[in-house]
Amino acid sequence: MRLRHRLRAATVGALVLLTGAGALPAASAAAAAPGDRPSGNGLSATIRYTEYGIPHILAEDYAGLGFGDGWAQAADQVCTLADGFVTLRGERSRHFGPDAAPGNDLSNASTNLSSDLFFRGIRDARTVEKLLARPAPEGPSRQARELARGWAAGYNAWLEQHRITDRACAGASWVRPVTGLDVARRGYALTVLDGQGGTVDGITDAHPSSGAAPRAAVRNDPVAAARALFAARAGDMGSNAVAFSGAVTANGRGLLLGNPHYPWQGGRRFWQAQLTIPGELDVSGASLLGMPVVEIGHNPYVAWSHTVATGVPFGLYELKAAPGNPHAYLVDGRPERMTERRVTVPVRGEGGRVTEVTRSQWWTRYGPVVTSLGGGLPLPWTEGTLYAMTDPNSAQLRFTDTSLAFGRARGIRDIQSALRRTQGLPWVNTIAADSSGHSLLTQSQVLPRITDDLAGRCSTELGKRLYPATGLAVLDGSRRACALGRDGDALQPGVFGPSAMPTLVDAPYAENSNDSAWLSNADRPLTGYPRVFGDIGTPRSLRTRGAVEDVAAMARRGRLTVADLEKQQFGDRVPTGALAAADTAAACAQLPGGRATGKDGKVVDVSGACGVLKRWDRTVRKDSRGALLFDRFWRGLGNDVRWRVPFSADDPVHTPRSLDTANPAVARALADAVAELRAKGTALDAPWGEGQFVERGGKRLPVPGGAHRLGVWNVVEGRWDAARGAYTDVRTGSSYLQAVGFDGGACPVARTLLTYSQSSEPGSPHSSDQTELFSAGRMVKGRFCEKDILSSPALRVVRVGER
């Protein structure tokens with residue numbers, strides 16, 4: 001069917017032309033540098049909105065599709081998007097002051113000044129422009145470029161035709177038109193987020209120190225510091241996903257449940273849409289804000305999700321300083337000068353006066369000089385030694401093309417082909433299932449080509465400690481023989497090729513909860529990959545253990561349907577409770593006089609807690625009584641957890657187990673939890689929903705789910721309000737949920753949920769509607785086919801275009 005006929009059928013009696021109530025003052029296109037002008041060319045698209053403000057965007061080509069996507073994202077998230085573009089322009093210090101924290105949406109910079117120096121450095125070096133200039137597949141395809149161009153045009157058109165009502169940025173001078181290059185820069189920032197973007201302060205503040213290494217560098221345990229670093233980086237992003245093959249489903253076709261855990265606020269929120277070019281692309285799912293393509297989703301043939309991988313996407317080189325020159329280093333005994341990048345950023349001072357700050361960044365053949373990987377792991381630049389980071393993702397811009405290829409895939413084989421062809425995933429695994437009954441898990445990510453052999457030959461003393469324990473390599477940069485080399489099937493030098501990736505195909509279930517690929521299926525463990533990919537034969541997180549128990553039991557039961565996936569998502573079982581609650585209750589009952597001493601030395605009557613813990617149903621459903629008590633107890637126990645049965649690699653799902661209640665920390669943590677709740681007037685058996693909730697539009701919504709450390713599939717990391725004795729908002733957790741199956745027809749069987757809803761503007765009707773569903777443990781019936789879209793009782797059709 002020709003597009004104009006589809007548009008006519010879709011819009012009869014329903015077409016609404018968006019004409020803005022006012023225009024936002026915008027920077028003149030004439031002020032932009034040549035080649036950096038806002039996009040244009042009369043683009044248009046049709047957007048069909050269904051329940052919960054979910055847009056189904058229809059266009060004739062990729063530029064038009066990007067236009068509709070940029071328009072619709074701006075309508076829902078203009079202030080959040082605009083704030084991110086300020087970051088990418090390196091202008092946070094100008095508008096918000098240099099010392100404020102920028103947030104961790106696009107980097108881990110601790111201050112606006114550090115963020116600006118980093119992103120201005122990328123702009124000054126024309127890093128993204130150089131990557132865009134590469135021909136595909138090393139560089140972005142024409143379709144990816146057109147999507148970015150169109151997205152910018154759609155965003156700009158929305159700004160021109162509307163008055164912003166969100167007080168977060170209404171009338172702000174920093175809300176400005178963008179270019180396709182800005183969209184590409186946003187994609188680049190997300191690509192390097194776990195590499196250079198996760199080490200911004202260490203790059204922007206790198207300079208030689210005088211004298212000996214700082215005491216902190218000598219005193220700190222580097223292994224513990226590196227583990228803490230990776231744990232902190234994973235603190236706001238994680239995921240679960242499971243693919244079931246047709247061998248265990250009711251109809252012999254695949255099933256997929258995706259449950260990424262991402263921030264509930266800011267620029268790393270997901271946003272949901274369907275993107276359609278008739279005869280070319282038809283895909284539904286979620287994008288990270290500012291990205292013009294579905295990154296997690298499904299089409300009629302295949303569904304996929306991503307989980308944050310354990311592969312370390314960067315490495316370190318330890319360099320020997322050249323004698324007498326702090327800005328040169330030795331390679332095979334010969335000095336090489338560093339490249340200096342002098343970066344200047346505008347800074348707002350007192351009285352609003354804008355001045356400039358100029359700093360130098362130093363680059364080597366391996367990458368930028370870094371002087372820390374966070375405060376706990378300093379890497380001092382001394383007279384004799386310094387460190388440089390190698391980050392292969394800083395040399396690629398292929399994430400969009402990988403996602404596009406997924407959207408066009410007709411099955412698992414096409415997903416694998418897309419990964420081999422584009423090689424664009426920076427820090428995630430892929431889990432997928434298709435309509436033919438195939439399942440897939442693969443850790444196909446861009447990783448530095450650090451083989452165990454290379455690490456064995458080239459690790460420095462620091463590397464010999466870090467690499468086996470954490471996967472972080474520190475190699476000898478003074479020898480050319482320690483270069484990363486190149487795999488024959490890799491698109492770029494210095495990375496592993498597709499044939500090296502840990503992959504599991506057609507297992508009855510394939511699951512990942514942010515541990516390594518090893519235990520993706522307990523009956524078919526993956527081994528043989530280098531340590532940089534992740535560990536093998538080590539204890540799994542309680543979330544992984546609980547997930548494998550659950551999905552393995554589902555696979556054994558068989559005849560699975562989408563309804564079973566929904567049940568798993570909202571089961572809210574607490575594996576930690578199953579392991580420890582009964583033992584804790586029994587130990588509580590044996591305390592002399594029912595009393596225990598807290599960490600402050602005060603004696604607390606904990607006798608009331610014993611029965612509460614015994615009766616608790618071991619879930620974090622909103623009506624669960626005892627969950628809040630156990631949660632505060634377990635958090636208080638922290639790193640003092642001890643088990644009577646140690647870990648065994650022969651039984652990794654069920655070990656370690658049996659809580660050691662003779663450990664004095666158990667009674668102490670119980671006393672502290674009881675005292676804490678009583679001090680706030682909270683009953684020990686208060687329903688979980690009274691202790692974890694969000695407030696939207698003056699309404700309190702109880703939130704199910706629980707913390708990663710409890711082992712819950714439905715992860716919700718709340719913000720503890722000590723004054724109220726409750727988790728009164730959600731920092732990160734379950735975000736875009738999808739349960740997808742296939743019935744042999746053209747319309748997949750899909751249930752989805754965007755837990756924090758489509759819009760971040762408080763006044764929007766779609767700022768909390770899906771959050772209410774999440775509170776109730778419900779999902780949205782997917783509308784994918786035309787008949788389903790056009791039959792929506794909430795259908796609103798909008799033709800959008802440039803004036």
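- Aromatic ring centres of Phe784 and His56: separated by at least 6.0 Å.
- In summary, the side chains of Ser734 and Asn714 do present a donor paired with an acceptor at a separation below 3.5 Å, with no hydrogens or angles considered.
- The number of heavy-atom neighbours closer than 6.0 Å to CZ of Arg731, taken from other residues, nucleotides and ligands shown, is above 12.
- Asn514 pairs in a side-chain hydrogen bond (donor to acceptor under 3.5 Å, both in side chains) with only one of the listed residues (His708, Arg540, His261, Arg543), which is Arg543.
- Judged by the 6.0 Å and 45° rule, Arg268 forms no cation-pi pair with Tyr262.
- Between Tyr756 and Phe270, the distance from one ring center to the other does not fall under 6.0 angstrom.
- The environment of Arg559 atom CZ is sparse: at most 12 non-hydrogen atoms of other residues, nucleotides or ligands sit within 6.0 angstrom.
- The side-chain tip of Arg253 does not point at the ring of Phe742 from less than 6.0 angstrom away and within 45° of straight on.
- Considering only residues two or more places apart in sequence or on other chains, Thr310 meets the side-chain contact (heavy atoms from CB on, under 4.5 Å) condition with Gln443, Ser516.
- Between the side chain of Gln445 and the backbone N or O of Pro426 there is at least one donor-acceptor pair closer than 3.5 Å.
- Side-chain N or O atoms of Gln738 include none that pairs as donor or acceptor with a backbone N or O of Gly285 at under 3.5 Å.
- Using a cut-off of 4.0 Å between Lys/Arg side-chain N and Asp/Glu carboxylate O, Arg48 and Glu786 are scored as salt-bridged.
- The residues Arg778 and Glu566 are annotated as not salt-bridged, no charged nitrogen and carboxylate oxygen being separated by less than 4.0 angstrom.
- Between Arg696 and Glu772 there is no salt bridge, since none of the side-chain N atoms of the basic residue sits less than 4.0 Å from a carboxylate O of the acidic one.
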